[in-house]
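Taking it in order: structure first as structure tokens, then the write-up.
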Amino acid sequence: MEYIEKENKRLKTATLLSIIPGLGQIYNKQLFKGIAFLVIFALFIIEMFNFGVEALIGLFTLGSTPGTDHSLFILIEGSLQLLILLLFILFYAINLSDARKVARLWAEGKKVNTSMKSVLLNMADRGFPYLFTIPAYIAMVFAIVFPVLVTIFIAFTNYDFYHIPPAKLIDWVGFENFSNIFFLSSYRDTFFAVFGWTVIWTLAATTLQIVIGIFTAVVLNQKFIKFKRVFGIIFLLPWAVPAFITIMSFSNMFNDSIGAINTQVIPLLDALIPFVELDSLPWKTDPFFTKIAIIMIQGWLGFPFIYVLVSGILQSIPEEQYEAARIDGAGVMQRFKHITMPAIFTIAAPIFITQYTGNFNNFSMIYLFNEGGPGSIGAGAGSTDILISWIYKLTTGTSPQYSIASAVTLFISLFVIIISLIIFKKTKAFEMED
Amino acid sequence: MSKIVKSQKTSRAFSKIFTYFYLLLLAVIIIYPLLITASSAFKAGNVTAFNLNFDAEWTLSNFSRLFTETLYGEWYWNTLVIALVTMVVQVTVITLAGYTYSRYRFVGRKKSLMFFLIIQMVPTTAALTAFYVMALLMGALDQSWFLMFLYIGGGIPMNTWLMKGYFDTVPIDLDESAKLDGAGHFRIFAQIVLPLVKPMIAVQSLWAFMTPFGEYMLAKFLLRTPENYTVAIGLQTFINNPQNQKVALFAAGAILIAIPITLLFFMLQKHFVAGLTSGGTKG
């Protein structure tokens, strides 16, 4: 009875004291840890007074005097301060639970590390996993989380070429950018046209590369083929050669007047295949033909990856399975449908999905081939622009629309994440092991 | 009876013909564009389009012009530096993190793995405005270190995930018996497990190294003066101006990139499938 009371009292005191981080630890006779926590706390307080409070207030106002207040700097400083605040809250929670945990150890009469050396040793042992993952987190926070945070903020401002700081201030505008995209006719029409083509492009190009990849792997997997290695090496070339080189080459080849497709390939096809009379085609000047061309080129570029993946899977299917199916009277097509396809899809489905999301944002293919052209469909977009290349144009054009670009970026991110989550959940590919 | 055998034979012969026809056709479709690009590098005179035309005058001067008349040498050097730094830093970081997630059970592990999974879906390259603003603030526009930083950070979530999957294939009994022998954290990691994941490290290194050679959008967006360009945006200046096409120079420059990258690629190619399937399918 007395013991429990004593324990409760210890716990209470330690928790109450650690409202100021460090005091609870000192009360627990962990002087070194306590001082370390106190120092962190003091640093945070000093930081808040010198910089933090102002930065957080700035996040609300985004500056008040044009010319002196630089809204962008204020926005970034505010976002940084928000991250620091989150880190501090995390530290504070750790501090509270640590004080309670050690107080309980004392009350139960268990061994507690009090010397600096033993605290450090314990941290080194148990902190090892954290030590090893911290570099990854730092890099991700600054290269991904922070930019995403800033993108979210900018999507709710009016940052565009009319409002370039420091001459002008930037203001919060709420959901105006989003409502512009969905309801203002000039943006709405462009947005839905670009979005529609982005979806068609993603489905057509990716499916094409998967179909060619699987077909090629199956064909080349037949036993009788001679020079298998030679074919294997040739089929890898489109993947091995950096894509920007081949896309720029194709861009030259598909030139309407001087390109090799119109001057060499089409005449050759006309000569070789009877009853076929093709003329020069307007690859770069007619949106329809540009679309056909980029889908075909992406098939060329993307199939080797699938082919390599599927070849590996095919070789891992035991021969007996086919043998058994043959004895049961299954034909080639049946064996393919019931043995080969399931084997491929159970292993490769998640990788196929990354191919779809990759093409959804395949900037190089669209931009390097014809710069999203030909022509324009309004609001800065060309007739073959996909969302990512439209964002690029909105950001780099002569009259940049940063806030609209950020809103579209958010839309893309949400769209990709939701689709990926649904499919990952369905395929159960990323199930956790514990 | 013989009729069936005969029809089987003809269908087998037909399928053989079809197989070789398909393989040869595909081979031609792959080689043709590469061949006409590569051959243009050796043509003298004013080449404006790639084509299959072998009665041109042959020369090696395009290669020397590349280094004397253009900034190609500097672009190559810039790209090489960016690629090496990106490779070393990124592979170090993801190896440490992948190992930890595979081997240790610690508070917050599952949540942070979820965080990795979701964040790798964010198309980070789309956050152009944020990168622009950050670069503006730090004076990092036109600086290659900022580009390196984005390459390193952007690749971490997905590649940590793949790395963890590969570490999972190394039996944990190895670590445990080493631990019984008194090996510490670092020794188990460096001497026992690390040597067994060399194939995956090789694959990841190659991917990290190739990214700066092939990436176009961020480089084009952030690097503003021609002296600071990488090869991808530098070479594009030879070919995107209709009035001033330097197609032969483009081809020569492309060859000098494609050959080393392709060779590296083929050296490591056999590890790709193992790395992809083991990492991509397990949690």
Side-chain angles (χ1 to χ4, degrees), chain A residues 72-73 76 128-129 132-133 135-136 139-140 142-144 147-148 150-151 154 219 222 231 234 237-238 240-245 248-250 252-253 255 258-260 263-264 308-309 312 347 350-351 361 363-364 368 388 391-392 395 402 405-406 409 412-413 416-417 420 429-433, chain B residues 19 22-23 26-27 30-31 33-34 36-37 48-52 93 96-97 100 104 106 110 117-119 121-124 126-133 137 149-150 152-154 156-157 160 185 213-214 216-217 221 232 236 239 247 254 257-258 261-262 265 272-273 276-277 280-281 283:
Chain A
L72 275 182
F73 289 25
I76 293 272
F128 195 77
F132 261 31
T133 44
M140 277 194 305
F142 286 101
I144 301 176
V148 168
V150 173
T151 307
I154 289 177
V219 168
Q222 298 174 95
F231 282 119
I234 291 173
L237 283 173
V241 177
F244 82 90
I245 293 178
M248 289 179 199
S249 297
F250 275 119
N252 180 286
M253 285 170 60
N255 185 297
I258 55 167
T263 59
Q264 285 193 324
V308 170
L309 182 70
I347 299 178
I351 301 171
N361 287 313
F363 174 84
S364 298
L368 292 182
I388 184 96
I391 290 174
Y392 179 85
T395 320
Y402 300 108
S406 296
T409 303
I412 289 192
S413 304
V416 171
I417 290 176
S420 314
F430 280 84
E431 246 174 24
M432 299 282 172
E433 76 272 32
Chain B
T19 297
Y22 174 75
L23 293 177
L26 192 60
I30 287 169
I31 291 174
L34 297 175
I36 62 175
T37 306
T48 53
F50 303 125
N51 52 41
L52 205 58
V93 170
L96 294 178
T100 311
Y104 290 90
F106 51 95
K110 218 177 148 179
L117 176 61
I118 291 174
I119 208 160
M121 296 168 192
V122 180
T124 44
L128 281 178
T129 305
F131 295 149
Y132 174 71
V133 173
L137 267 164
F149 174 71
L150 292 181
I152 293 167
I156 282 178
T160 302
H185 293 293
F213 275 92
Y216 177 84
M217 184 172 77
F221 182 63
Q236 204 220 2
I239 204 164
V247 169
I257 302 163
I261 295 274
T262 309
F265 184 92
F272 284 170
V273 180
L276 279 172
T277 47
T281 54

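Only a predicted model underlies this, so the values are computations on that prediction, with no experimental measurement involved. Proteins come first, then strands; the chains are lettered A, B, ... in the order of their sequence lines, and each starts at number 1.
- Looking at A/Ala136, the atoms closer than 4.5 Å to chain B (heavy atoms on both sides) sit in the backbone and in the side chain alike.
- Separation of atoms CZ (A/Phe231) and OG1 (B/Thr19) is listed at 10.0 Å; rounding is to 0.5 Å.
- For A/Phe142, the parts sitting under 4.5 Å from any heavy atom of chain B are the backbone and the side chain alike.
- Residue with the most contacts toward chain B among A/Asn255, A/Ile412, A/Ile258, A/Val150: A/Ile258 (heavy-atom pairs, distance under 4.5 Å).
- Between chain B and the options A/Ile388, A/Ile144, A/Leu72, the largest number of non-hydrogen pairs under 4.5 Å is found for A/Ile144.
- Shown here are the side-chain hydrogen bond (donor to acceptor under 3.5 Å, both in side chains) partners of B/Thr37, two or more places apart in sequence or in another chain: A/Ser249.
- Only the side chain of B/Ile36 comes within less than 4.5 Å of a heavy atom of chain A; its backbone N, CA, C and O stay farther away.
- The CD1 atom of A/Ile76 lies 5.0 Å from the CG atom of B/Leu137; values are rounded to the nearest 0.5 Å.
- Residue-environment remark: CZ (B/Phe106) exceeds the threshold of 12 foreign heavy atoms within 6.0 Å.
- With a 4.5 angstrom heavy-atom cutoff, A/Tyr392 touches chain B via backbone and side-chain atoms both.
- Proximity to chain B (any heavy atom under 4.5 Å) is shown, for A/Thr151, by both the backbone and the side chain.
- A/Phe73 touches chain B through backbone and side chain together, each having a heavy atom under 4.5 Å away.
- B/Gly153 approaches A/Ala143 most closely through the heavy-atom pair CA-CB, 3.6 Å.
- Only the side chain of B/Ile31 comes within less than 4.5 Å of a heavy atom of chain A; its backbone N, CA, C and O stay farther away.
- Here the OG1 atom belonging to A/Thr395 is positioned 5.5 Å from the CZ atom belonging to B/Phe221, to the nearest 0.5 angstrom.
- Interatomic distance, B/His185 NE2 to B/Tyr104 OH, rounded to the nearest 0.5 Å: 4.5 Å.
- Going from atom CD1 of A/Ile234 over to atom CG of B/Leu34 covers 10.5 Å, rounded to the nearest 0.5 Å.
- At a 4.5 Å heavy-atom cutoff, the contact between B/Leu23 and chain A is made by backbone and side-chain atoms alike.
- Using a 4.5 Å cut-off between heavy atoms, B/Phe149 contacts chain A through both its backbone and its side chain.
- Taking the side-chain hydrogen bond (donor to acceptor under 3.5 Å, both in side chains) definition, one finds that B/Tyr216 meets it with B/Gln236, sequence neighbours left out.
- Only the backbone of B/Phe213 comes within contact range of chain A, judged by heavy atoms closer than 4.5 Å.
- Ranked by non-hydrogen atom pairs under 4.5 Å with chain A, the options B/Gly154, B/Ala258, B/Pro33 are led by B/Pro33.
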